[in-house]
Participant: 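Here it is, the structure in full.
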Number of protein chains: 2
Amino acid sequence: MSAAEETTGEDTPWGEVTPEAARRLLVAAVDAFAERGYHATTTRDIAGRAGMSPAALYIHFKTKEELLHRISKIGHERALYVLDTEADRDGTAAERLAGAVRSFVRWHAERHTTARVVQYELDALGEEHRTEIVALRRRSDAVVRRIIGEGVRDGEFDVPDVPGTTLAVLSLCIDVARWFNAQGSRTPDEVGELYADLVLRMVGARTPSGQK
Amino acid sequence: MSAAEETTGEDTPWGEVTPEAARRLLVAAVDAFAERGYHATTTRDIAGRAGMSPAALYIHFKTKEELLHRISKIGHERALYVLDTEADRDGTAAERLAGAVRSFVRWHAERHTTARVVQYELDALGEEHRTEIVALRRRSDAVVRRIIGEGVRDGEFDVPDVPGTTLAVLSLCIDVARWFNAQGSRTPDEVGELYADLVLRMVGARTPSGQK
DNA sequence: CCCGAACCTGAGCAAGCGCTTAGGGGTGGT
DNA sequence: ACCACCCCTAAGCGCTTGCTCAGGTTCGGG
């Protein structure tokens, strides 16, 4: 209940992008990148969507690539935060894994425009920026692997190949950004629930999540 | 055991592309599109990789988009053929599902450069070409859904949400094209095996595939 | 020896790209 | 009233893009 600055602004989607004009440009860029891809998007298109002239973009961002970098970084941090929050809860490994997948998938479905940019425009980034982002992604991997590992250790899960299953779980979640459509028949909550259940099956959890 | 024309040339990767120079250009385009994406690839780059001048490209293909279309079409047909072949075998639904996933995943891993173009450059296609390709993709969906549906009907599988699970299974397989790396530690066969097992768990198959 | 077809190249066009620069106009402090 | 400051635009620069076209090379048949 404080001011504008927080670790992760939950209220407004891009709250931490401080000059209001810069935020409008960034939001426009997210839409454009998600629709047509980074390389197919022109700076004129971005500026146009934000209701500004092409030159206005370069007052707030040094290059077009910097725009992508800021989107990618904030997006990854948000996704990682969502994952971490659920992973750090109390409960069995199954509960934590289901919670993590549910939230992570819900995030990818709700914010699927952002997620599409974040997940699929990674190698449009420059060398330095890409390695920075890749480091963030490895942390997501570590979080999921840890939960699965703990589940195996405690005898909750039956997983022959922990790294492989971790990869598959994350892959499944991430790909939601590709196919999810807001006009589709499934809500983000429904997809999250479905996927949490599927992942528990993948790890051979002894107790299905929602028992009814 | 006949001449050059077959439903799907299994021998040479792009055997059906008939003028030899056109095939060289097409292969170069697959590599370039997979590495940098369709929009970031220039016609000069494609021609250069094929050892020709930029103008040579336009003798064999009307536009850059036609190149992508031919790649996408042939690629989708191959992938669908692989899926169909396994789906039409004799055996239990579990055996057929495992076989289909194993082959489909192996295809995406082995031909991951092609697959990457095929799966992720879909909306770089023009309106007409895209709808044509989307129709092919729906057939893949139908194949998987049929197997899962039959498994449920015969009491082999326990699947509360058949369309949703179908979606997840295909999503999992397709995303292999994104992360698979030839220098990585897993072979296409290993990934196929792992994924076949994971999918059988997802559908709650009563008999695990490889019983040892 | 020449012909015509198949194939490819050098040079280049119009358009569009990312980005820069000079300057205009509104706002708040004093 | 005035100035410093921020924010934005019109115009355009240098370059690259997808694509074109006139012309050259190669080769089998007469």
Side-chain angles (χ1 to χ4, degrees), chain A residues 4 14 16-72 117 121-130, chain B residues 4 14 16-72 117 121-130:
Chain A
W14 298 100
E16 62 260 69
V17 184
T18 41
E20 208 266 335
R23 176 166 51 241
R24 258 167 43 220
L25 283 163
L26 193 137
V27 169
V30 170
D31 287 347
F33 291 163
E35 255 179 49
R36 308 145 82 111
Y38 175 80
H39 289 293
T41 300
T42 69
T43 55
R44 284 168 236 272
D45 183 22
I46 297 169
R49 286 178 193 239
M52 301 182 199
S53 82
L57 199 151
Y58 292 89
I59 293 161
H60 302 283
F61 303 93
K62 240 188 319 199
T63 63
K64 178 180 158 187
E65 196 261 357
E66 189 195 317
L67 251 173
L68 178 61
H69 175 231
R70 294 207 58 181
I71 292 167
S72 202
V117 178
E121 300 292 347
L122 211 134
D123 43 40
L125 288 167
E127 191 66 38
E128 283 184 42
H129 286 160
R130 184 169 56 248
Chain B
W14 299 98
E16 61 261 70
V17 183
T18 40
E20 207 267 335
R23 176 165 52 240
R24 258 165 47 219
L25 283 163
L26 193 137
V27 168
V30 170
D31 288 347
F33 291 163
E35 256 179 48
R36 308 145 82 112
Y38 174 80
H39 289 294
T41 300
T42 67
T43 54
R44 285 169 236 270
D45 183 22
I46 297 168
R49 287 178 192 238
M52 300 180 199
S53 82
L57 199 152
Y58 292 90
I59 294 161
H60 301 284
F61 303 94
K62 239 187 323 200
T63 63
K64 178 180 158 188
E65 196 260 359
E66 188 195 317
L67 251 174
L68 179 60
H69 175 231
R70 295 208 56 182
I71 293 167
S72 202
V117 179
E121 300 293 349
L122 211 135
D123 43 37
L125 288 168
E127 191 67 37
E128 282 185 43
H129 287 160
R130 184 168 54 250

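Small disclaimer: the values here were computed from a predicted structure and weren't measured. Here is the naming used below: chain letters follow the sequence lines, and residue numbers restart at 1 for every chain.
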Participant: Specify the separation, in whole Å, of atom CZ of A/F61 and atom C1' of D/dC8.
Facilitator: 15 Å

Participant: Decide, yes or no, whether a salt bridge links A/R36 with B/D123 under the criterion of side-chain N to carboxylate O below 4.0 Å.
Facilitator: no

Participant: Please check if the side chain of B/E121 supplies one atom and the backbone of B/V117 the other of a donor-acceptor pair under 3.5 Å.
Facilitator: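 Such a contact is absent between B/E121 side chain and B/V117 backbone.
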
Participant: Can you check whether A/E65's main-chain N or O pairs, donor with acceptor, with A/Y38's side chain at less than 3.5 Å?
Facilitator: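 Checked: pair present.
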
Participant: Give me the distances for all protein-to-nucleotides 23-26 of chain C N/O pairs that come in under 3.5 Å?
Facilitator:
none

Participant: Do B/K64 side-chain atoms and B/T41 backbone N/O form a donor-acceptor pair below 3.5 Å?
Facilitator: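 Yes; judged by distance alone, with no hydrogens or angles, the pair exists.
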
Participant: With a 4.0 Å cut-off on N to O distance, would you call B/R49 and B/E35 a salt bridge?
Facilitator: yes

Participant: Give a yes or no on whether the backbone of B/L125 and the side-chain of B/R130 come within a donor-acceptor separation of less than 3.5 Å.
Facilitator: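 Yes.
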
Participant: Are A/E20 and A/R24 close enough for a salt bridge, meaning some N to O gap below 4.0 Å?
Facilitator: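 A salt bridge is present here (some side-chain N lies under 4.0 Å from a carboxylate O).
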
Participant: Distance check needed: D/dC19 C1' versus B/D45 CG, whole Å only.
Facilitator: 16 Å

Participant: For nucleotides 7-20 of chain C, give me one character per nucleotide, 5' to 3': B if any protein heavy atom sits under 4.0 Å from the base, S if the only such contacts are to the sugar-phosphate, - if neither.
Facilitator: -BBB-B----BBBB

Participant: From A/F33 CZ over to A/I46 CD1, what is the distance, rounded to the nearest 0.5 angstrom?
Facilitator: 4.0 Å

